[in-house]
Structures are given as C-alpha cells and as structure tokens.
Engineer: 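Here it is, the structure in full.
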Amino acid sequence: RSYYDRNRSLKTCHLTNLHLDYNSIPVDCLANMCIVLQKDAALQVLSIRSCHLTASCGEALGTLAVLSGLRELYLDNNLLECEGATELFKLIAAFSENPAFPKPRLAKLCMQNNAIDENGKLGSLGPEVCMQLVKRWIVNSSDLIELDFDRNYIGDGGGKEIMEAMLQRKEAGLADFRMTVTPRMSCQIFSSIVELNATLGGSKGKKKKRQKRKKGR
C-alpha cells in the first residue's frame, strides 16, 4: 500500500532528484511510478539501486527514459538481465536514431551488476543483441556522456559492439564519453575500449586527480 501512496503523492510534486535505493519495488508499482514521472519535466536524477528490479521492468524504464527529461539513471545491483536491458535499450535506440522522435536527454546510465550475460533466456547471443542496441544509442546521441556496465559479462561479441560504437562516435566528433565494462573479454577488445576512453575524454578526470597529488608532494 505504501508504494501506491507514494505514487499518488508524486503526482503533486515536481522533483529534480529521486532516490529509492534499497527498496523492494513490485513491477506494477514501478510501472505506475514511471508513468507518473514521465509528466514531471523537472526530474533530472533517478536512482533505483538494489531494488530487486527484474526483466519485466525493462519496458517501463525505457519508456521513462525516452519520454521524460531525465539526465541520470542509476540501476545498479538489480536483475534486469539481457531481456530487461534489451527492452530498455530498444526504446532508447529507436528514439535516438529516428528524427521523427524527440531525442532522449539521458546523459548517464549506470547498470552495474544486472546479470547482463549469457545465462538468461536469450542465451549466448543475449549480450551481443543487447549491446547492438546500445551501439545505436552511442553513435546517435550527443547528450550521452557515460555508460557503466561493470560487473556484467558481455563477452567478446558485446565488447566488439561497444568498441565499434566508440570508434564511430570518435569519427563523428561527438562530445566526451566514458564507457565502463568488466574485462572478461579478449584482451585486444578490452584494451581498445580503454584506449578509446582516453581518446574520447573519458579519463580526463583521473588524470587531473593524479596531477594534483603530484603537486601536493
């Protein structure tokens, strides 16, 4: 009952940041919440970490991502798997590349530890299919600056899609971008992603911190 009460209260609020971490949110309540939040143009940051979200939540999250003004979305430590992630990215990819649709404004998406691997219903092809959709988003969005897929095992197929997307982004001269993946893929593909991060400006922050420490010495 408390989740339905919260959804009703959201209708009268204009939030910029909403953090719901470490709650167990039922699928129907998440869907209703996403419908309500689509209408809140002020919302910039939404965090739903460790909330037992499953693959069934992917479509609702994708709809929220493309129809709201959301800039940052944190979904770490859930169980979206390849199936839920695919539903999420299917909508984002379509809206990113179709000029007839409004471009998603999402700049940062964190999805650490969401079981995006070959063990779901999509099998060994799941990570590659999922990353093909992510690739379409990366190469078509000037707003996107960071994706974090750490502690998901996208393998060589998924890693190759990310590498190619970053190369295309570099050739297109799009804005700074950083990609985080787990190094459980071929060394060559992982090294290329790391190098592209540096080329695209994704490692600037770390370099600055190191320089400051040297000055302090």
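In this text, all values refer to a predicted model and were calculated from it rather than measured experimentally. In this chain, numbering begins with 1 at the start of the sequence shown.
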Engineer: What heavy-atom pair brings Cys57 and Leu30 nearest, and what distance separates the two atoms?
Structural biologist: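 Closest approach of Cys57 to Leu30, heavy atoms only: CB-CD2, 3.3 Å.
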Engineer: Is there a side-chain contact between Tyr74 and Leu20 in this structure, where contact means two heavy atoms from C-beta onward sitting under 4.5 Å apart?
Structural biologist: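 When only atoms from C-beta onward are counted, Leu20 and Tyr74 do not touch, as no gap falls below 4.5 Å.
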Engineer: Restricting to non-hydrogen atoms, name the atom on Ala115 and the atom on Leu79 that form the minimum distance, rounded to 0.1 Å.
Structural biologist: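 So the minimum-distance heavy-atom pair works out to CB-CD1, 3.6 Å.
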Engineer: Which heavy atom of Ala85 sits nearest a heavy atom of Met111, and at what distance?
Structural biologist: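 Of all heavy-atom pairs spanning Ala85 and Met111, the closest is CB-CE, 4.1 Å.
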Engineer: Identify the heavy atoms of Glu72 and Leu106 that sit nearest to each other, and give their distance.
Structural biologist: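 Here Glu72 and Leu106 meet closest at N-CD1, 3.9 Å.
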Engineer: So, Asp150 and Gln112: side-chain donor and acceptor under 3.5 Å apart, yes or no?
Structural biologist: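 Note: Asp150 and Gln112 side chains miss the donor-acceptor criterion.
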Engineer: Under 4.5 Å between any side-chain heavy atoms of Lys170 and Phe177, yes or no?
Structural biologist: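 No, side chains not in contact.
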Engineer: For the residue pair Leu61 and Ile48, establish whether any side-chain heavy-atom pair is separated by less than 4.5 Å.
Structural biologist: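 With C-beta onward as the side chain, the pair touches.
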Engineer: Indicate yes or no for a side-chain donor-acceptor contact from Arg71 to the backbone of Gln44 under 3.5 Å, with no hydrogens or angles considered.
Structural biologist: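 Not confirmed, Arg71 side chain does not pair with Gln44 backbone.
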Engineer: Looking at side-chain heavy atoms only, is the closest gap between Thr54 and Val27 below 4.5 Å?
Structural biologist: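 Side-chain contact under 4.5 Å: yes.
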Engineer: If we only count heavy atoms from C-beta on, is the Ser186 to Ile189 side-chain gap below 4.5 Å?
Structural biologist: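 Result yes, sub-4.5 Å side-chain heavy-atom pair found.
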Engineer: On a heavy-atom basis, which atom in Pro104 and which in Asp143 lie closest, and how many Å separate them?
Structural biologist: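 In this case the closest contact between Pro104 and Asp143 is O-OD2, 3.7 Å.
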Engineer: I'd like to know if the side chain of Asn140 and the backbone of Ser96 have a donor-acceptor N/O pair within less than 3.5 Å.
Structural biologist: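 Not confirmed, Asn140 side chain does not pair with Ser96 backbone.
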Engineer: I'd like to know if the side chain of Asn152 reaches the main chain of Ile154, judged simply by a donor and an acceptor atom lying under 3.5 Å from each other, with no hydrogens or angles considered.
Structural biologist: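 Side chain of Asn152 to backbone of Ile154: no pair is present.
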Engineer: Glu146 and Arg178: salt bridge (Lys or Arg N to Asp or Glu O under 4.0 Å), yes or no, with the steps?
Structural biologist: CA-CA 5 Å; Glu146 183 174 352; Arg178 179 173 181 79; 5.1 Å; no
Engineer: Could you tell me whether the side chain of Met185 reaches within less than 4.5 Å of the side chain of Lys160, counting heavy atoms only?
Structural biologist: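 No, every pair of side-chain atoms sits at 4.5 Å or beyond.
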Engineer: Are any of the side-chain nitrogens in Lys121 or Glu83 under 4.0 Å away from the carboxylate oxygens of its partner?
Structural biologist: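 The answer is no: the pair does not qualify as a salt bridge.
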Engineer: How far apart are the C-alpha atoms of Glu97 and Arg136, what are their side-chain angles, what is the distance that settles it, and do they pass the salt bridge (Lys or Arg N to Asp or Glu O under 4.0 Å) test?
Structural biologist: CA-CA 7 Å; Glu97 63 188 5; Arg136 289 162 55 189; 2.4 Å; yes
Engineer: Determine whether a donor-acceptor pair (N or O, by modelled atom type, separation under 3.5 Å) exists between the side chain of Asp40 and the backbone of Ala42.
Structural biologist: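 Side chain of Asp40 to backbone of Ala42, a donor-acceptor pair under 3.5 Å: yes, one is there.
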Engineer: Please report the closest heavy-atom contact between Thr63 and Gln38, naming both atoms and the distance.
Structural biologist: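 Minimum heavy-atom contact is CG2-NE2, 3.3 Å.
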Engineer: For the atom pair CZ (Phe89) and SG (Cys130), what is the distance rounded to the nearest 0.5 Å?
Structural biologist: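 Going from the CZ atom of Phe89 to the SG atom of Cys130 covers 5.5 Å.
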Engineer: Taking the side chain from Asn114 and the backbone from Leu75, do they hold a donor-acceptor pair closer than 3.5 Å?
Structural biologist: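 Here the side-chain-to-backbone pair exists.
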Engineer: Strictly by modelled atom types, are Asn113 and Asn77 linked by a side-chain donor-acceptor pair under 3.5 Å?
Structural biologist: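 Yes, because at least one side-chain N or O of Asn113 sits under 3.5 Å from a partner of the opposite role on Asn77.
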Engineer: Please tell me if the side chains of Leu200 and Leu174 come closer than 4.5 Å, counting only heavy atoms from C-beta onward.
Structural biologist: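 In short, these two side chains do not touch, never coming nearer than 4.5 Å.
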Engineer: Looking at Ser68 and Leu70, would you say the former's side chain and the latter's main chain have a donor-acceptor pair under 3.5 Å?
Structural biologist: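 Confirmed, Ser68 side chain pairs with Leu70 backbone.
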Engineer: Given 3.5 Å as the limit, does a donor-acceptor pair link the side chain of Thr182 with the main chain of Arg151, or not?
Structural biologist: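 Yes, Thr182 side chain to Arg151 backbone: donor-acceptor pair under 3.5 Å.
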Engineer: Just by distance, do the side chain of Ser141 and the backbone of Trp137 share a donor-acceptor pair under 3.5 Å?
Structural biologist: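 No, Ser141 side chain to Trp137 backbone: no donor-acceptor pair under 3.5 Å.
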